[in-house]
Every structure is written in structure tokens, then in C-alpha cells.
Amino acid sequence: MVPAHVGIIMDGNGRWAQRRGLFRTQGHLEGLKTAKKIVKAAADLGISYLTLFTFSTENWKRSAEEVGFIISLVKEYLRRELDFYRENRIRIRHTGNLEGLPPDIRSEMNLACSETAEFSGLQVILAFNYGGRDEILRAVKKIIDKGIKNPAESDIAANLDNPDIPDPDLIIRTAGEFRTSNFLLWEGAYAEYYISDKLWPDWESADLIRAVDEYKNRDRRFGGIMIK
Ligand code: IPE
Ligand code: IPE
Ligand code: MG
């Protein structure tokens, strides 16, 4: 079966640029083009949810120039691609800490989400200023605010950013790195991982198809035993 929810840690933009003697920012520009291609490919494959790790709560450690560039890039992209979302009935959603972001990007994000809220095609969840620990911490604070004294796992799940979205089935990481870097820590507990050596700007729809094909051959046991 095609995975319902795929998460992608889009890594390797900087290396892609550095290998060509370009500024890291050029790599982010190229990575954005790839993101659009892969969104289209995911829709064509019949994937229902695609979570893209766009900017992490740890990425603030980078130079102000690089951080500023990524934030403006996402801001522009949200507005520029509204027609593309409409044509393809794509719904944009957000996960992450909106409060920690400048007001202009916050409002662009809210606008893209509200303008596309009725679309029933692929849902693209932008993990922007996202950290798995931060998301869990914010859920815990909501639970405290609600006065829940003895929370169950279901209370945490219900207080994450998008409780209606099913857990990711497949998490892809590009650029050959074997770590989560704080991505979907709670939701990804039983995700299948797929690591690609290719840098994100070099990714193509065929790479997504390959990852999904490999996923189809995995035995997911969820702690149980294999039934064949
Ligand atoms: C991923 O590419 C994009 C973001 C983290 C925003 P990187 O910028 O991390 O690229 P590398 O890992 O330095 O090659
Ligand atoms: C993860 O990549 C974050 C995003 C893809 C947005 P990083 O490049 O920030 O992760 P590390 O630093 O290699 O763990
Ligand atoms: Mg990286």
C-alpha cells in the first residue's frame, strides 16, 4: 500500500551549493524547486499527507543571513504558489512554533492555510520553526492549562499541532544522514525510515517512487509478530 503520510527531512541544500562553489543560499533556492516537484509527485502517487521539514527550532543557530534568507524564501513561496495549490487542490498546513516567528511570515502562513483549507487533495504540512521536543512541550503545557492531572498518551496526541493527521508511515531523509534531528519525535515512533544519499536539490520524482516502493516491502510489526 502507498503510505498515507510521508515526512521528508529535506537535507543537503548547503552541500549542494558548496560543491558547486555557490553560496549556501543558492542551495536553498534549488531545494525549493525540488520541494515543488516532490509535492506534485506525492499527489500523483496518491499520498494523502506530506510533511516537509523546512526549518527546525535548532536552525536559528545558523548565520542571521542564512536564517533571514530561508524565512523570506518560505514567505514568498507561500504567496507565489497559491495558484499552484488551487489548481492541484492542495491544502497547506503548518506544524511548529508560530509564536517564535516574525509576524509577517506568521500571517503569510495563516493566509496560505486558510485559503486552502477547503481543498481535499494532498495535504502539505510545512514543519517550520518545528522541533519534536518543542511540539511535545507545547502539548504538555496545553494539558496543564486544561487541568488534566493524570494525562494518558492519547492526551498528548490530542494536544499536538495537528491531532487529526495520522502518524507518518514513512520518513525520508536525504543527504545520507542517519538521525532524526528532532523531527516528528512523537508521531514518528513507528515510522519506517528511508535514507537517501542524494542531496535534496538533486531529488526527483523517481526518488520518491523508489522510497515508496521500498516502503511497500517493509514488514511493519508495531511490536507484534509477523503474520504471513
Ligand atoms: C537543509 O539543507 C535545509 C535546512 C536545514 C533549512 P542544509 O542547509 O542543512 O544543507 P547541509 O546539510 O548544510 O548540506
Ligand atoms: C534538519 O536538517 C532540519 C531541516 C531539514 C529543516 P539539519 O541540517 O538542520 O540537521 P543536522 O544539523 O544535520 O542534524
Ligand atoms: Mg543539513
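In listed order, ligands and their atoms are each counted from 1.
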Task: Residues forming a salt bridge (charged side-chain N to carboxylate O under 4.0 Å, His left out) with D169, sequence neighbours excluded - done: R220
Task: Residue-ligand contact Q18/ligand 1, heavy atom below 4.0 Å - done: no
Open item on the list: I'd like the residue list for ligand 2, meaning every protein residue with a non-hydrogen atom under 4.0 Å from the ligand.
Closed with: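 Only I9, M10, D11, F53, T54, F55, N59, R62, R173, R179, S181 have heavy atoms that fall under 4.0 Å of ligand 2, ordered by chain and number.
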Side-chain donor/acceptor pairs under 3.5 Å, residues 137-144, sequence neighbours excluded:
residue	atom	partner	partner atom	Å
R138	NE	D134	OD2	2.9
R138	NH1	D161	OD1	2.8
R138	NH2	G96	O	3.3
R138	NH2	D161	OD1	3.3
R138	NH2	D161	OD2	2.9
K142	NZ	N159	O	3.0

Open item on the list: Checking N217 now: which residues fulfil side-chain hydrogen bond (donor to acceptor under 3.5 Å, both in side chains) with it, not counting sequence neighbours?
Closed with: none
Task: Under 4.0 Å to a heavy atom of R24 - the qualifying atoms of ligand 1, by number - done: 7 (P), 8 (O), 10 (O), 13 (O)
Open item on the list: Looking at E108 and K75, is any side-chain nitrogen of the basic one under 4.0 Å from a carboxylate oxygen of the acidic one?
Closed with: no
Open item on the list: Can you see whether W16 has R20 sitting over its ring - NZ or CZ less than 6.0 Å from the centre and within 45° of the normal?
Closed with: yes
TODO: Would you mind reporting whether D167 and Y190 have side-chain heavy atoms less than 4.5 Å apart?
DONE: no
Task: Heavy-atom donor-acceptor pair, N88 side chain to F84 backbone, under 3.5 Å - done: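 Side chain of N88 to backbone of F84, a donor-acceptor pair under 3.5 Å: yes, one is there.
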TODO: Please find the N/O/S atom of D11 nearest to the Mg ion (ligand 3) and write down its name.
DONE: OD1
